[in-house]
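Comments concern the structure below.
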Amino acid sequence: MQPEFLVVTHMGSLIAVDTESNTLHSIPDFLNDDGRPLLACNSLLQFCIVQNNTCIPIDNLNIFAPRWTDGAARVGLQRNGRFGSAHPHGGPITFDRELQKEWEYFLLLRSFDIDAIREFASRSWFVPDADLIITPKQMMNYCSFKVGKCNFQLDENIQTLRNHSKESKNIILTRHEYCISRFISYRPLIYYVCFGEDDQFSLLNAALESLVDIGLYQGDLCIITDRNDLDEWIPRNFKGSLHILHKPAACREEFRCSRYELDSLQDINSFGPILYMDTDVCVSDRISILLKRISLSNKICAGREEYSNTVAVPPSLLTVAEAVGSKLFHRDGYDPGYKFGFNSGVMGFASISIADEAFRQVVQIIKRRMQTGEWLPYVDQPVANYVFHKLGIFDFKSLSGYIQVGTHNRLYSYIHPAEVQVLIHFWAVRSKDREKTIRNFTASRKEEVFLIKKRDIPQNIHICLLYTSDAADDMQCVD
């Protein structure tokens with residue numbers, strides 16, 4: 001007698017069998033196997049106990065009215081003419097029902113299907129149509145996946161889950177036979193590059209504090225660096241996972257190439273979405289706003305430098321500004337048209353597979369230009385603009401409206417700003433003033449958020465708070 005199915009309660013629990021008393025007990029927690037003998041049945045729907053890879057038949061236990069879906073079945077359990085039911089918090093299965101209530105069903109699931117369900121339930125997912133990020137703790141609702149007010153039943157989706165590979169980042173689940181939702185694997189990674197002296201790491205610390213305190217980020221964080229003493233530069237209230245990727249950087253060009261060499265990070269293929277930020281980027285709202293948008297793109301996301309007021313001189317047109325690759329396009333004989341380029345200080349992509357080849361091309365071109373002795377005034381940014389546009393892999397729509405540029409006394413928004421501004425790039429502030437500028441803005445933004453919560457002011461109402469820096473008396477908001 002070989003087991004074909006394991007029996008699962010409507011609460012999502014496996015069932016343990018007490019071989020001495022012949023009683024059944026639901027095991028607490030979702031599909032948890034605590035080592036006790038499990039209730040199973042064979043292809044003829046005859047019950048047995050699975051213990052040490054052997055099967056022992058069970059008498060006086062019957063299956064009632066099986067309803068099959070894609071190789072799984074909802075059934076009733078009967079003993080002595082009475083129906084069994086499981087209790088929410090575990091404990092014995094009681095056979096005291098004359099009639100089976102519709103929700104008191106049991107599932108017959110194959111062991112490999114249970115493995116597939118466990119794998120899916122162990123990950124976090126972004127569900128775009130609900131605009132929700134679902135974590136494993138939030139996901140399980142008895143024998144279904146809960147998304148907001150919607151439930152996706154296990155047996156209705158068993159074939160989809162069975163065929164879903166661990167490497168896949170997307171899956172579509174069904175409810176009520178025809179309603180579908182897309183689930184996107186969500187294990188975000190945010191990374192920075194920081195080399196050199198303490199002042200550079202103080203700036204990194206200021207950027208990270210804004211990420212944690214204002215961006216509310218507690219996920220995976222990677223620092224590409226040449227130093228080992230990072231503990232003192234990481235905010236103490238960061239509770240996520242820290243990854244250190246050590247790289248040497250003998251010159252400015254090698255330092256700038258490092259942001260394109262993330263592929264050597266262990267387990268990099270499991271991450272997504274991925275966001276790179278320069279250390280002079282301040283987070284001004286929930287970073288998940290951007291991470292969710294990056295998850296939906298199949299290209300490399302960055303912010304176009306197209307502002308309502310002039311910030312960059314000359315303007316960052318691909319055919320005009322050397323900073324965004326005008327010389328490279330001219331040498332190539334390729335006319336990109338009247339388009340604005342992007343700043344390489346913020347780049348996002350749904351997975352490393354999207355950016356991998358483009359990043360490799362950027363690094364190779366920089367190294368070839370170094371070998372010729374050519375002076376590279378902007379190093380990577382012109383090359384990235386050239387490569388991303390030539391490969392057709394640049395997405396400006398996902399992030400541009402959410403990124404502002406900060407000068408010593410003003411904030412400049414994208415020409416078509418989003419309702420919420422999430423990042424401020426202070427590249428236009430003098431290097432020596434950037435750390436203090438970010439810290440002052442972060443402190444002001446924290447106070448603003450506090451006032452919003454205290455007064456219960458709607459989040460879409462913007463409050464301008466004054467703050468000072470070495471170079472400015474106030475910070476204004478300019479659209």
Hey, mind stepping through Ile134 and Val127 against side-chain contact (heavy atoms from CB on, under 4.5 Å) and telling me if it holds?
CA-CA 8 Å; Ile134 309 300; Val127 186; 4.1 Å; yes
task = Apply side-chain contact (heavy atoms from CB on, under 4.5 Å) to Leu189 and Cys222, showing your working.
result = CA-CA 7 Å; Leu189 173 70; Cys222 176; 3.9 Å; yes
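The residues Arg36 and Asp18 are annotated as not salt-bridged, no charged nitrogen and carboxylate oxygen being separated by less than 4.0 angstrom. Salt-bridge formation is not detected for the pair Lys166/Glu119: no Lys NZ or Arg NE/NH1/NH2 atom is positioned less than 4.0 Å from an Asp or Glu carboxylate oxygen. Salt bridge status for Asp380 with Arg256: present, with a side-chain N to carboxylate O gap under 4.0 Å. Looking at Asp213 and Lys446, a side-chain N of the basic residue comes within less than 4.0 Å of a carboxylate O on the acidic one, giving a salt bridge. Between Glu156 and Arg175 there is no salt bridge, since none of the side-chain N atoms of the basic residue sits less than 4.0 Å from a carboxylate O of the acidic one. Between Asp129 and Arg182 there is no salt bridge, since no side-chain N of the basic residue sits under 4.0 Å from a carboxylate O of the acidic one.
Using bins of under 30°, 30° to 60° and over 60° for the plane-to-plane angle, the ring pair Phe83/Phe64 lands in the perpendicular bin. Classified by interplanar angle (parallel below 30°, tilted 30° to 60°, perpendicular above 60°), the ring pair Trp68/Phe5 is tilted. Between His416 and Tyr414, the ring planes lie perpendicular to each other; the angle is over 60°, past the 30° to 60° tilted range.
Rounding to the nearest 0.5 angstrom, the gap separating the CG atom in Leu230 from the CD1 atom in Ile244 is 4.0 Å. His10 NE2 to Ser85 OG: the interatomic distance, rounded to the nearest 0.5 Å, is 8.0 Å. Taken from NZ in Lys169 to OG in Ser295, the straight-line distance is 10.0 Å, to the nearest 0.5 Å. To the nearest 0.5 Å, the span separating CG on Leu154 from CG on Leu173 amounts to 9.5 Å. Note: Met347 CE to Asn343 CG = 9.5 Å, rounded to the nearest 0.5 Å. For the atom pair OG of Ser270 and CD1 of Ile352, the computed distance is 11.5 Å after rounding to the nearest 0.5 Å.
There is no side-chain donor-acceptor pair under 3.5 Å between Ser202 and Asn205. Between the side chains of Ser398 and Arg293, not a single donor N or O lies within less than 3.5 Å of an accepting N or O. Side-chain N/O atoms of Gln200 and Arg227 include no donor and acceptor closer than 3.5 Å. Looking at Thr69 and Asp155, their side chains never bring a donor and an acceptor atom within 3.5 Å of each other. In this structure, a donor-acceptor pair under 3.5 Å is present between the side chains of Asn228 and His246. No side-chain donor from either of Ser353 and Asp356 sits under 3.5 Å from a side-chain acceptor of the other. Between the side chains of Ser124 and Arg187, no donor-acceptor pair is found at a separation under 3.5 Å. A donor and an acceptor atom, one from each side chain of Thr135 and Gln138, are located under 3.5 Å apart. A side-chain donor-acceptor contact under 3.5 Å links Thr23 and His25. Checked by atom type, the side-chain pair Gln404/Ser413 shows a donor-acceptor distance below 3.5 Å.
Between Arg74 and Leu107, some side-chain heavy-atom pair lies under the 4.5 Å cut-off. Counting only heavy atoms from C-beta outward, the side chains of Ser400 and Phe340 never approach each other to under 4.5 Å. Two residues are said to be in side-chain contact when any heavy atoms from C-beta on lie closer than 4.5 Å; Asn170 and Phe183 fail this criterion. Between Phe126 and Pro273, the closest side-chain pair of non-hydrogen atoms is not below 4.5 Å. A 4.5 Å side-chain heavy-atom check between Asp278 and Tyr192 finds every atom pair outside the cut-off. Using a 4.5 Å cut-off on side-chain heavy atoms (C-beta onward), Gln421 and Tyr402 make no contact. Using a 4.5 Å heavy-atom threshold, the side chains of Ile287 and Leu216 count as separate. The shortest side-chain heavy-atom distance between Phe145 and Phe120 falls under the 4.5 Å cut-off.
Checked against the 6.0 Å centroid threshold, Tyr191 and Phe271 do not count as a close aromatic pair. Between Phe342 and Phe396, the distance separating the two ring centers is not shorter than 6.0 angstrom. Checked against the 6.0 Å centroid threshold, Phe388 and Phe394 do not count as a close aromatic pair.
When atom types are taken as modelled, the side chain of Ser210 and the backbone of Val283 share a donor-acceptor pair closer than 3.5 angstrom. Checking side-chain atoms of Gln100 against main-chain N and O of Glu104 turns up a donor-acceptor pair under 3.5 Å. With hydrogens and angles ignored, the 3.5 Å screen pairs a side-chain donor or acceptor of Thr9 with a backbone N or O of Met11. Side chain of Ser297 to backbone of Ile294: no donor-acceptor contact under 3.5 angstrom is found. When atom types are taken as modelled, the side chain of Asn80 and the backbone of Arg82 share no donor-acceptor pair closer than 3.5 angstrom. The backbone N or O of Ile27 lies less than 3.5 Å from a partner atom in the side chain of Ser13, making a donor-acceptor pair.
Closest approach of Ser284 to Leu423, counting heavy atoms only: OG-N, 3.8 Å. The two residues Trp125 and His164 have their closest heavy-atom pair at CH2-CE1, 3.8 Å. The shortest heavy-atom contact between Phe201 and Gly196 is CE1-O, 3.5 Å. Pairing each heavy atom of Glu261 with each of Ser264, the nearest pair is O-OG, 3.7 Å. Across all non-hydrogen atoms, the minimal contact from Val17 to Leu38 is CG2-C, 4.1 Å.
For the side-chain contact (heavy atoms from CB on, under 4.5 Å) with Arg79, the lone residue among Ile93, Asn62, Asn22 that qualifies is Asn22. A salt bridge (charged side-chain N to carboxylate O under 4.0 Å, His left out) with Arg162 holds for exactly one of Asp70, Asp115, Asp113; it is Asp113.
Within 6.0 Å of atom CG in Asp59, 12 or fewer heavy atoms from other residues, nucleotides or ligands are found, so the atom counts as exposed in its surroundings.
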